[in-house]
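All heavy atoms count here, side chains included; hydrogens, waters and symmetry mates do not.
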Amino acid sequence: MRTKTKSLLLGATATGVLATLTLAPQATAERSDEPPSAAQDAPRASAEKPRAAAQQNDFERPAAGGPYSIADWAEDGWNLSQDVGSPQGWDTRTRVDSDTPAHSGDKSLRVFYPEGQIDPENSGALAPFDIPKSGEYYLSFWVKFSDDFSWGTTQYAGKVGIGLAGGDACSGGQPCDGTNGFTSRPIWTKSDGKAALYYYSLEHEGEYGDDIVLQKDGADINWPKGEWVNVVQRLKVNTVSGGEANPDGEIEVFYNGESAAKKTGLRFVTNDDQIDKAYFSSFAGGGTSEFAPANDGYIWYDDIKVSTSRDDICELNNSCP
């Protein structure tokens with residue numbers, strides 16, 4: 001195990017969690033019934049890149065053995081978004097764990113996925129957290145599945161860890177119309193636990209979102225059991241011209257520091273929504289009991305980082321201590 005450093009990204013705080021930088025004001029209007037101005041209709045200028053904003057969580061502050069609550073998230077610098085849904089599972093299915101070796105330091109977050117249960121009311125944990133609004137973000141986390149983790153019963157799918165979202169966070173079978181936001185979250189799929197990213201954009205044609213399977217050297221990646229691995233997602237929101245979405249949005253996923261999936265030409269929004277949420281969304285399912293785990297299982301999470309700057313993600317720069 002390597003030792004966690006408190007100097008990563010923005011510097012140390014008393015809790016070891018980085019504060020969020022205040023972004024420079026952006027040229028975006030409040031939502032209203034008035035038609036947008038010409039300046040609002042213009043594509044976002046690439047030169048108007050916001051300063052880096054960064055947060056992290058290494059789960060070292062709280063005492064081990066108890067749940068990691070929404071109040072703990074807040075104490076560690078992550079504020080619950082009031083725009084999307086309500087938190088689920090934190091008081092009943094999470095634990096600050098020091099018994100199982102963490103990715104670094106002494107503690108990690110353990111999340112419980114009970115046998116026979118699906119959806120965030122009964123499985124895993126869910127909460128959207130506010131992050132400063134920006135057109136591009138990097139989000140990194142370390143994850144480990146229990147040795148006996150079950151991918152499902154006769155159908156196989158579930159959300160893994162933390163993703164990115166904006167606006168009203170279109171998901172759950174909603175049609176995305178460019179004004180009700182977007183989501184992009186890691187998942188497992190298939191009976192062998194394939195690693196993939198599941199996203200909602202203007203492009204999705206069926207009832208549900210689309211997915212990109214992670215690959216290395218042309219072969220699909222399966223989530224390993226009993227092993228810490230790193231996932232980084234980069235999401236860039238499309239520009240908007242004349243109220244129309246330009247096909248220049250992007251998603252890229254890195255697995256253990258290497259690019260494992262990339263999708264370009266995406267359209268997410270027709271308004272001024274940008275990325276403004278780090279969305280912890282991890283549970284079994286699928287919408288039917290066929291997706292329920294065949295036995296109790298756990299997933300551990302550690303060293304979550306979110307930033308507008310690639311330089312803050314040491315996993316992509318071979319600079320982790």
Practice task
Say whether, by atom type as modelled, one donor and one acceptor occur between the side chain of Q233 and the main chain of G163 under 3.5 angstrom.
Solution key: no
Practice task
Tell me whether L139 is reachable from I299 by hopping between hydrophobic residues (I, L, V, M, F, W, Y) whose side-chain heavy atoms are closer than 4.5 Å.
Solution key: yes
Handout entry: Hphob cluster co-occupancy, Y198 + F141, side-chain heavy atoms under 4.5 angstrom
Key = no
Practice task
Can you sort out the partners of S171 under side chain to side chain contact (heavy atoms under 4.5 Å, CB included), two or more places apart, ordered by chain and number?
Solution key: T183, R185, Y200
Practice task
State which residues pass side-chain hydrogen bond (donor to acceptor under 3.5 Å, both in side chains) with S289; sequence neighbours excluded, sorted by chain then number.
Solution key: none
Handout entry: S104 and W142, any side-chain heavy atoms less than 4.5 Å apart
Key = no
Fill in the blank from the handout: L126 and S281 have their tightest heavy-atom pair at CD1-OG, 4.0 Å
Handout entry: Sidechain-backbone polar pair: H204 side chain, Q174 backbone, donor-acceptor under 3.5 Å
Key = yes
Handout entry: Ring geometry between W73 and F129 (parallel below 30°, tilted from 30 to 60°, perpendicular above 60°)
Key = tilted
Problem - Transitive ILVMFWY side-chain link V237 to V84, under 4.5 Å - result: no
Completion exercise
Members sharing I118's hydrophobic cluster, built from side-chain contacts under 4.5 Å between Ile, Leu, Val, Met, Phe, Trp and Tyr, are F291
Handout entry: Test item: N180 side-chain N/O and D177 main-chain N/O as donor-acceptor pair under 3.5 Å
Key = yes
Handout entry: From F254 atom CZ to R234 atom CZ, the distance as rounded to the nearest 0.5 Å
Key = 6.5 Å
Problem - S108 side-chain N/O to D302 backbone N/O, donor-acceptor pair under 3.5 Å - result: no
Fill in the blank from the handout: Quick note, side chain to side chain donor-acceptor pair (under 3.5 Å) partners involving residues 148-166, not counting sequence neighbours, are S146-D148
Compile the donor-acceptor pairs under 3.5 Å between side chains in residues 206-219 and protein atoms, sequence neighbours left out, one pair per line.
from: Q215; atom 1: NE2; to: D220; atom 2: OD1; distance (Å): 2.8

Handout entry: R93 side chain to G124 backbone, donor-acceptor under 3.5 Å
Key = yes
Practice task
List in chain and number order the residues that pass side-chain hydrogen bond (donor to acceptor under 3.5 Å, both in side chains) with S86, two or more places apart in sequence or in another chain; answer none if no residue qualifies.
Solution key: none
Exercise for the section: Answer with yes or no whether the hydrophobic clustering places L109 together with Y279; edges join I, L, V, M, F, W, Y residues whose side-chain heavy atoms lie under 4.5 Å apart. Expected result: no
Practice task
Evaluate the criterion side-chain contact (heavy atoms from CB on, under 4.5 Å) for residue pair Y199 and L266; output intermediate values, then yes/no.
Solution key: CA-CA 11 Å; Y199 65 96; L266 291 170; 3.8 Å; yes
Practice task
Report yes or no: does N238 contribute a side-chain atom to a donor-acceptor pair with the main-chain N or O of V269 at less than 3.5 Å?
Solution key: yes
Handout entry: Candidates I304, D72, I70 - the one meeting side-chain contact (heavy atoms from CB on, under 4.5 Å) with W78
Key = I304
Exercise for the section: Measure the shortest side-chain to side-chain distance between L80 and P128 over non-hydrogen atoms and say whether it is less than 4.5 angstrom. Expected result: yes
Practice task
Give the minimum heavy-atom separation between A102 and D106, together with the two atoms involved.
Solution key: CB-C, 4.1 Å
Practice task
Check whether any side-chain N or O of D97 sits under 3.5 Å from a backbone N or O of D99 as a donor-acceptor pair, and report yes or no.
Solution key: yes
Exercise for the section: Look only at the side chain of K107 and the backbone of P62, and say whether a donor-acceptor pair between them is shorter than 3.5 Å. Expected result: yes
Problem - Sidechain N-carboxylate O distance under 4.0 Å for E250, K236 - result: yes
Practice task
Check the side chains of E203 and S201 for a donor-acceptor pair under 3.5 angstrom, ignoring hydrogens and angles.
Solution key: no
Completion exercise
Residues L164 and I275: closest non-hydrogen pair is CD2-CG2, 4.1 Å
Fill in the blank from the handout: In this structure, NZ of K144 is separated from CD of E227 (nearest 0.5 Å) by 10.0 Å
Handout entry: Heavy-atom closest pair, residues G65 and R95
Key = CA-NE, 3.8 Å
Exercise for the section: Any chance you could measure Q56, atom CD, to C314, atom SG, to the nearest 0.5 Å? Expected result: 9.0 Å
Exercise for the section: To the nearest 0.5 Å, tell me how far W223 CH2 sits from T189 OG1. Expected result: 12.0 Å
Practice task
Decide yes or no for L316 and Y138: does some side-chain heavy atom of the first lie under 4.5 Å from some side-chain heavy atom of the second?
Solution key: yes
Completion exercise
Closest heavy-atom pair, T94 versus Y68, reported as atoms and distance to 0.1 Å, is OG1-N, 3.0 Å
Handout entry: Reported CG-to-CG distance for the pair N222 and D192, which is rounded to 0.5 angstrom
Key = 4.0 Å
Practice task
May I ask you to test the Y298-T100 pair for a side-chain heavy-atom distance under 4.5 Å?
Solution key: no
Practice task
State whether a side-chain donor-acceptor pair under 3.5 Å links S282 with Y113.
Solution key: yes
Handout entry: 4.5 Å side-chain heavy-atom contact, F280 and I162
Key = yes
Practice task
Output the distance between atom CG (D76) and atom CD (Q55), rounded to the nearest 0.5 Å.
Solution key: 11.0 Å
Exercise for the section: Report yes or no: do D303 and S140 form a side-chain donor-acceptor pair below 3.5 Å? Expected result: no
Problem - Non-hydrogen side-chain atoms of N57 and Y301 separated by less than 4.5 Å - result: no
Practice task
Could you check V143 against V229 for side-chain contact (heavy atoms from CB on, under 4.5 Å), going step by step and ending with a plain yes or no?
Solution key: CA-CA 6 Å; V143 58; V229 295; 3.7 Å; yes
Practice task
If the plane angle is over 60° it's perpendicular, under 30° parallel, otherwise tilted; pick one for F268 and F182.
Solution key: tilted
Exercise for the section: Tell me whether the centres of the aromatic rings in W188 and F149 are closer together than 6.0 Å. Expected result: yes
Exercise for the section: Report yes if the side chains of V253 and V231 come closer than 4.5 Å at any heavy-atom pair, otherwise no. Expected result: yes
Handout entry: Side chain to side chain, L202 and T270, heavy atoms closer than 4.5 Å
Key = yes
Problem - Non-hydrogen atoms of G226 and D147 that approach each other most closely - result: CA-OD1, 3.2 Å
